[in-house]
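Predicted, not measured: the structure shown is a model, and the values here were computed from it. Each ligand, and each atom within it, is numbered from 1 in the order the structure gives. For reference, positions follow the sequence shown, starting with 1.
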Amino acid sequence: MNFNKVLDNVSIYEAGKPIELVVREYGINPKDIIKLASNENPYGTSPKVTKKIQEIAGNMFVYPDDSMYELKDALSNKFEVKPSNVIVGSGSDQILEFCVHAKCDKDSKVLMSKTTFAMYEIYAKQTGSSVIKTVDDEHNLEQFSAMYKEHGADIIFLCLPNNPLGECLDKDDVYTFLETIDKDTLVVVDGAYQEYASFKDEKKRINPKDLINTFPNCIYLGTFSKAYALGGMRVGYGIAQEDIIKTLYKLRAPFNITTLTLAAAIEALKDEEFVDKCIALNFEEMNRYEEYAEQKGFDYIDSYTNFITLKFGDLFSSKEVAQNLLELGVIVRDLTGYGVNAIRITIGSKEQNTKVFEILDEVLEKLK
Ligand SMILES: *Cc1c(COP(=O)(O)O)cnc(C)c1O
């Protein structure tokens, strides 16, 4: 069958492997599997959120509140913007999709860092747009500027901090860069890990309200999937000036957020204490990975997220390390597909990490 030709260039996103697959393929007991491949919060969902979900579970025969009044109200209070500056998506992924489809067609150009969130390129290519990438793996604003001067761009993606590498630009440098960008270029600031970055270093903090007031061509994206521990609920948000939000609404299907999801997100915003606790634990545990890497003599990228990227140089093949870990029940993300000889490991709980170090010792000994 013939399909839309632009799809010939589109690859299918490969998500982190689910626990069920490792159970099936390697016969490992599900309780012995450690899944650290999708940057989920290892401390589980806040008990208050779980309780709320259980309370309303019997009430699913009616459609959700499609105005999302309560969640938009809570988000607009949190960020001190108007509800009309907010759009909610089925994950912030859906808002990335809206942004690209709102702005791009086959003549458009989309600028991004070489090694960044895979969906930026996939959405761009769905519209037939050309993708332009900087040369360095990590975000390099000089290269962004040079590429922008040379090619222009309809959309620029900045992932702050960046997945899958973990680095984060300083807010002041980002602002200096944004001053040079044309008003008709949409800049997507993906803040999926901003809660972590701003905890670790105040210089990384992007304030969505200040961002969109200073640069009306920017949209800030946040998600409940990482620090808020609601990956299974699929909910994220965008904050931008009204003209952008109104346009994105044209692409939204009705009832894109379920009743359970709305309630969970509203409840999660009330329990910031839980989120703060998880973030503090994350960086305590991240120290152990840094020490481990130093002890073994391999590089890592200073991370502002809930994962760490370990680079193996010419010591090991990341693909082999990841495969061997998988066979022993530890799921991590191999970055060979991104052209980097490294693995990305989500920072787990204390017990999980202790086990990871033991199993990694075993694997590295075997591959030596
Ligand atoms: C996880 C992630 C998202 C969005 O996740 P959703 O679950 O769709 O909200 C967006 N950008 C980056 C960089 C991410 O890592």
Side-chain angles (χ1 to χ4, degrees), residues 13-16 18 35-42 45 49 68 71 75 86-101 110 112-124 133 137-139 155-169 174 187-198 204 206 208 218-239 248 251-253 256-258 260-262 264-265 268-269 275 278-279 282 301 303-309 332-333 335 337-338 344-347:
Y13 182 79
E14 209 186 308
K35 180 177 188 269
L36 298 175
S38 300
N39 306 336
E40 289 139 336
N41 184 328
T45 306
V49 174
M68 305 185 208
L71 178 56
L75 285 167
V86 180
I87 184 166
V88 178
S90 172
S92 58
D93 246 299
Q94 190 173 44
I95 303 176
L96 286 168
E97 182 184 13
F98 293 165
C99 288
V100 176
H101 286 263
V110 179
M112 65 189 73
S113 193
K114 175 168 169 256
T115 303
T116 191
F117 193 49
M119 291 313 299
Y120 304 157
E121 180 165 357
I122 292 176
Y123 291 131
K133 293 181 180 176
D137 286 313
E138 296 179 29
H139 280 58
I155 297 191
I156 299 174
F157 284 106
L158 296 176
C159 195
L160 307 174
N162 185 26
N163 176 17
L165 299 180
E167 91 279 8
C168 191
L169 297 170
V174 172
V187 180
V188 179
V189 172
D190 187 342
Y193 304 91
Q194 260 291 318
E195 293 89 352
Y196 295 95
S198 52
K204 311 294 181 190
I206 303 278
C218 285
I219 180 166
Y220 176 92
L221 303 188
T223 180
F224 285 90
S225 299
K226 310 286 162 55
Y228 286 87
L230 286 174
M233 277 293 173
R234 313 302 307 123
V235 56
Y237 51 89
I239 297 175
L248 299 186
L251 293 155
R252 189 186 73 99
N256 61 328
I257 311 297
T258 73
L260 283 180
T261 300
L262 287 170
L269 285 174
V275 176
C278 294
I279 294 173
N282 172 69
I301 297 173
S303 170
Y304 293 86
T305 64
N306 65 345
F307 58 82
I308 189 162
T309 298
V332 302
R333 191 81 172 191
L335 301 186
Y338 289 87
R344 186 194 72 189
I345 308 184
T346 306
I347 308 297

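Counting only heavy atoms from C-beta outward, the side chains of Phe224 and Leu71 approach each other to under 4.5 Å.
Of all heavy-atom pairs spanning Thr223 and Val235, the tightest one is OG1-O, 3.6 Å.
In terms of modelled atom types and a separation under 3.5 Å, the side chain of Thr261 and the main chain of Met233 share a donor-acceptor contact.
Neither the backbone nor the side chain of Ser90 comes within 4.0 Å of ligand 1, counting heavy atoms alone. Residue contacts with ligand 1 for Ser92 involve both N, CA, C or O and side-chain atoms from C-beta outward (heavy atoms, distance under 4.0 Å). With a 4.0 Å cut-off on non-hydrogen atoms, Lys226 touches ligand 1 through its side chain and not its backbone. Within the 4.0 Å heavy-atom criterion, neither part of Gln94 lies near ligand 1. With a heavy-atom cut-off of 4.0 Å, Asp190 touches ligand 1 through its side chain alone. Residue contacts with ligand 1, taken as heavy atom pairs separated by less than 4.0 Å, involve Tyr193 solely via side-chain atoms from C-beta onward.
Side-chain contact annotation: Asn39 with Arg333, donor-acceptor N/O pair under 3.5 Å absent. Side-chain N/O atoms of Ser113 and Thr116 include no donor and acceptor closer than 3.5 Å. A donor-acceptor contact closer than 3.5 angstrom is absent between the side chains of Glu138 and Asn162.
Of the protein's non-hydrogen atoms, the one nearest atom 8 (O) of ligand 1 is Arg234 NH2, 2.8 Å.
Applying the 4.0 Å criterion to heavy atoms of Gly91 picks out, from ligand 1, the atoms 6 (P), 8 (O), 9 (O). Atoms of ligand 1 found under 4.0 Å from any heavy atom of Asp93 (numbered from 1 in listed order, with element): 8 (O). Contact atoms of ligand 1 toward Asn163: 13 (C), 14 (C), 15 (O) (distance under 4.0 Å to a heavy atom of the residue).
Residue contacts with ligand 1 include Cys159, since one of its heavy atoms falls under 4.0 Å from the ligand.
If you run side-chain contact (heavy atoms from CB on, under 4.5 Å) between Leu335 and each of Thr115, Asp137, Thr309, only Thr309 comes through.
One finds no salt bridge joining Glu40 and Lys226 here, because no Lys/Arg side-chain nitrogen approaches an Asp/Glu carboxylate oxygen to under 4.0 Å.
Looking at Ser225 next to ligand 1, an N or O pair under 3.5 Å apart turns up. When only interatomic distances are considered, the shortest N/O to N/O separation between Thr223 and ligand 1 falls below 3.5 Å.
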Given Val188 and Leu221, is the side chain to side chain contact (heavy atoms under 4.5 Å, CB included) satisfied, shown in steps?
CA-CA 7 Å; Val188 179; Leu221 303 188; 3.7 Å; yes

